[in-house]
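What you are looking at is a predicted structure, and each value in this text was computed from that prediction instead of being measured. Just so it is clear: chains get the letters A, B, ... in the order the sequence lines come, proteins before strands, and each one is counted from 1.
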Amino acid sequence: MQNPLFAAVLSEMATLLDLENENVFRVRAYQRAAQIIEVLPKDIEAMSKEDLMSIEGIGKGIADKAYEFVKTGRVKEHLDLRKKFPEGLLSLLKVPGLGPRRARLLYDNLAIDSPEKLRLAAAQGRLNQLRGFGKKIEEKIVKGLTLSEETSKRILLWEARSLMQGMLEVVRGMPGVVQAEPAGSLRRGKETVGDLDILCAASRPETVSKKFSAMPFVKQVLAVGPTKVSVLLANNAQCDLRVVDPACFGAALLYFTGSKEHNVALRERAQGLGLTLSEYGLFRLSDRKQAKPLAGKTEEDVYKRLGLQFIPPELRENRGEIAASAEKRLPDLVEEKDIKGCFHNHTLESDGVDSLEDMVKAARSKGWEWYAVGDHSQSLKIAKGLEPSRLKKKLAKLSEAAKKNKDIRVLSASEVDILNDGRLDYEDDLLKRLDIVVGSVHSGFHQPEEQITKRILSAMENPHVDCIAHLSGRLLGKREPYKFNIDKIIERAARTGTALEINGQPERQDLNDVHARAVKDGGAPLAANTDAHSRDQLGFMSLAVTVARRAWVEKKDLLNTKTWPELQEWLKSR
DNA sequence: GCCGTTTTCGGCCCGACTGTTTTCAGTCG
């Protein structure tokens with residue numbers, strides 16, 4: 001899969017062209033193309049130039065470069081551009097407050113091409129000899145240097161949601177606040193969140209923004225105006241609060257939720273209709289003073305006036321949702337209330353912390369109809385994986401639990417390692433006795449793509465294997481995914497009817513949204529699992545469902561929306 | 001660089017905040 005690499009090349013070209021002071025629209029075209037390629041479900045290697053050019057935003061220029069990249073592994077113009085600037089200049093652009101114009105000034109006049117040189121020059125007071133660099137800018141950049149080191153880490157969605165909960169309570173309790181909602185990538189359910197965005201409607205905006213910037217949890221105020229505040233929280237997470245009039249809350253929520261690309265596409269659509277859209281509402285272009293909004297109180301109103309179905313926030317990434325909405329063919333996204341059970345959970349027999357009885361009790365209180373409990377297999381020693389003798393004992397315990405719990409069907413399961421050579425960690429006659437077998441890769445992460453792919457493919461060929469867990473093996477912010485061929489795996493999963501898991505652990509969220517959508521489009525079954533290691537972690541189902549929604553997944557696409565009789569039928573058919 | 005029931009040339013989303021500026025450029029989302 002060359003797509004991520006080529007996307008990175010395009011993105012860097014955009015930055016370099018920007019440094020060259022190229023036409024901003026040319027720069028934007030490269031940025032846009034990079035974003036498109038990054039989430040393209042099809043491998044560019046397998047696409048013709050015509051295929052590529054049929055995608056909106058990709059023309060002859062980019063298609064030619066894609067062809068060059070696939071063929072030679074590089075793009076000549078990219079290398080030529082790189083020669084013009086030293087490597088460190090690109091890292092300067094990551095400093096908050098430093099964009100291409102100022103970075104170029106620093107480089108041309110003071111030969112500054114790294115954060116270290118910048119810090120030194122600032123300390124020597126050499127910055128303010130430059131035109132446009134006053135004392136304040138200098139201060140801002142020095143602060144930004146430290147800040148970029150501290151805040152470069154994105155927060156996991158799970159953590160961000162719980163932080164947001166607290167902030168919302170505070171904002172909603174402020175005098176004059178009518179309404180407050182989370183916005184930004186958190187509302188869209190992205191796997192990680194760069195900052196926390198809150199939108200609120202209030203009668204007197206300036207008192208809210210003032211009050212907010214003085215809250216005890218605010219460590220530093222980055223910017224404060226009458227309607228917009230940016231602060232750093234105690235944990236170095238950035239939080240933006242925007243205060244608007246209740247009459248335009250919908251337009252503002254739309255704008256503040258993003259994504260940026262979705263908003264741009266919406267505004268372009270508005271223009272085509274002779275309208276203009278901003279956070280203040282939808283207006284006629286002829287209404288210069290924006291005196292009479294056509295829509296703005298709710299998001300639904302704005303979409304409707306643009307001739308669109310309401311688009312759920314999880315889909316707002318400009319990945320075809322606007323066209324689908326215009327043609328009234330948006331998916332009916334799965335919801336957490338549709339979930340009837342879960343395939344992949346652990347108990348204290350291996351590396352969980354709660355007993356089988358407690359896990360079942362927790363599953364029942366979620367209203368599930370069935371629940372599969374499985375621990376790790378013998379090879380995973382670090383997690384106290386079960387040898388065959390212990391597994392057999394556990395099977396007896398499970399059938400006892402199944403007898404005791406009439407209102408929830410307790411199923412026997414195991415998370416079985418796919419060994420380095422592709423064999424499974426238990427013999428077939430033992431696997432046969434389990435209701436659900438979940439196959440996982442927990443070792444050999446550094447094997448070449450072909451070998452890991454082969455292991456997973458051969459596991460799927462085993463008729464006892466029902467589901468493959470956390471396909472990529474990634475841990476967000478800690479471990480990169482190993483290399484595997486997603487197309488081959490999806491094809492095999494569709495043929496063998498093996499489900500691919502959407503794992504709800506906050507660090508995994510694996511499959512990711514792009515892969516999960518490709519699985520759906522490829523006709524293979526999906527299962528949303530908590531991979532819970534404690535009672536509380538059954539809550540991770542909400543994360544798995546969020547990923548599924550971002551992947552355009554409907555109720556019918558997820559195995560664990562099946563009722564117990566439906567699931568029985570599926571198990572029998574395997 | 002991309003795109004076209006106004007156009008193959010001339011457009012290309014929209015606004016807030018900041019700082020250094022006497023009217024606006026740069027950055028950010």
Side-chain angles (χ1 to χ4, degrees), chain A residues 10 13-14 17-19 21-34 36 52-66 75 77 92-106 127-128 130-141 143-144 147-148 183-185 188 193-197 199 205-206 209 213 221-231 238-244 248 251-252 254-283 285 290 306 318:
Chain A
L10 291 177
M13 284 184 78
L17 289 167
D18 210 358
L19 276 171
N21 229 339
E22 249 291 350
N23 179 326
V24 289
F25 298 106
R26 192 169 171 228
V27 172
R28 202 174 293 166
Y30 274 92
Q31 284 166 346
R32 200 169 162 209
I36 292 167
L52 279 165
M53 285 172 67
S54 69
I55 301 169
E56 197 182 323
I58 308 229
K60 187 168 184 312
I62 305 280
D64 280 342
K65 288 185 178 68
V75 175
E77 199 184 328
L92 275 189
L93 293 174
K94 298 201 179 97
V95 177
L98 261 189
R101 301 286 94 79
R102 286 180 192 143
R104 191 62 198 274
L105 261 176
L106 290 171
L127 296 189
N128 51 20
L130 294 178
R131 190 182 154 72
F133 277 77
K135 207 166 180 63
K136 286 273 181 71
I137 292 260
E138 188 179 309
E139 265 172 38
K140 193 176 171 180
I141 287 174
K143 265 188 191 164
L147 207 63
S148 68
S185 48
R188 300 200 310 280
V193 170
D195 51 18
L196 301 171
D197 296 312
L199 177 72
E206 61 283 0
S209 63
S213 59
V221 179
L222 299 172
V224 54
T227 67
K228 195 179 158 183
V229 193
S230 285
V231 301
Q238 186 174 327
C239 179
D240 295 340
L241 175 75
R242 185 77 183 261
V243 196
V244 299
C248 62
L254 193 57
Y255 154 79
F256 216 27
T257 297
S259 68
K260 191 173 191 291
E261 293 74 28
H262 178 84
N263 287 345
V264 169
L266 276 187
R267 285 168 179 178
E268 281 168 0
R269 183 179 175 88
Q271 280 223 321
L273 298 168
L275 309 172
T276 175
L277 176 65
S278 75
E279 58 262 53
Y280 296 107
L282 185 65
F283 302 91
L285 277 170
Q290 307 203 335
L306 290 171
N318 199 26

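A search for salt bridge (Lys or Arg N to Asp or Glu O under 4.0 Å) contacts involving A:Arg104 returns A:Asp108, not counting sequence neighbours.
Contacts of A:Arg242 with the nucleic acid, taken as non-hydrogen atoms under 4.0 Å apart, involve only primed sugar atoms and P, OP1 or OP2. When heavy atoms are screened at a 4.0 angstrom cut-off, A:Leu266 is found touching no nucleic acid atom at all. Backbone-only engagement by A:Tyr30 is indicated by non-hydrogen atom pairs under 4.0 Å involving sugar-phosphate atoms exclusively.
Look at CG on A:Asn23: it is 11 Å from C1' on B:dG11, rounded to the nearest Å. At whole-Å resolution of the value, NZ in A:Lys136 and C1' in B:dC17 are 13 Å apart.
Nucleotides B:dG26 and B:dT20 are separated by 14 Å at their P atoms, to the nearest Å. With C1' as the reference atom, B:dC3 and B:dT8 are 10 Å apart, rounded to whole Å. If you take atom P in B:dA16 and the same atom in B:dG10, they sit 32 Å apart, rounded to whole Å. Nucleotides B:dT18 and B:dT23 have their C1' atoms positioned 15 Å apart, rounded to a whole Å. Taking atom P in both B:dC12 and B:dT21, the straight-line distance is 30 Å, to the nearest Å. Using atom C1' as the reference point in both B:dG1 and B:dT5, the two lie 24 Å apart (nearest Å).
Comparing A:Ile137 and A:Gly61, the nucleotide of DNA chain B nearest to each residue sits closer to the 5' end for A:Gly61.
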Tabulated below should be each protein N or O lying under 3.5 Å from an N or O of nucleotides 4-8 of chain B; please produce it.
none

Next on the checklist: I need a per-nucleotide contact map over nucleotides 22-29 of chain B, read 5' to 3'. Cutoff is protein heavy atoms under 4.0 Å; write B for the base, S for backbone only, - otherwise.
Outcome noted: ----SSSB
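In this structure, a donor-acceptor pair under 3.5 Å is absent between the side chains of A:Glu261 and A:Asn263.
Comparing atom distances between the A:Gln290 side chain and each of B:dG15, B:dC17, B:dC14 picks out B:dG15 as nearest.
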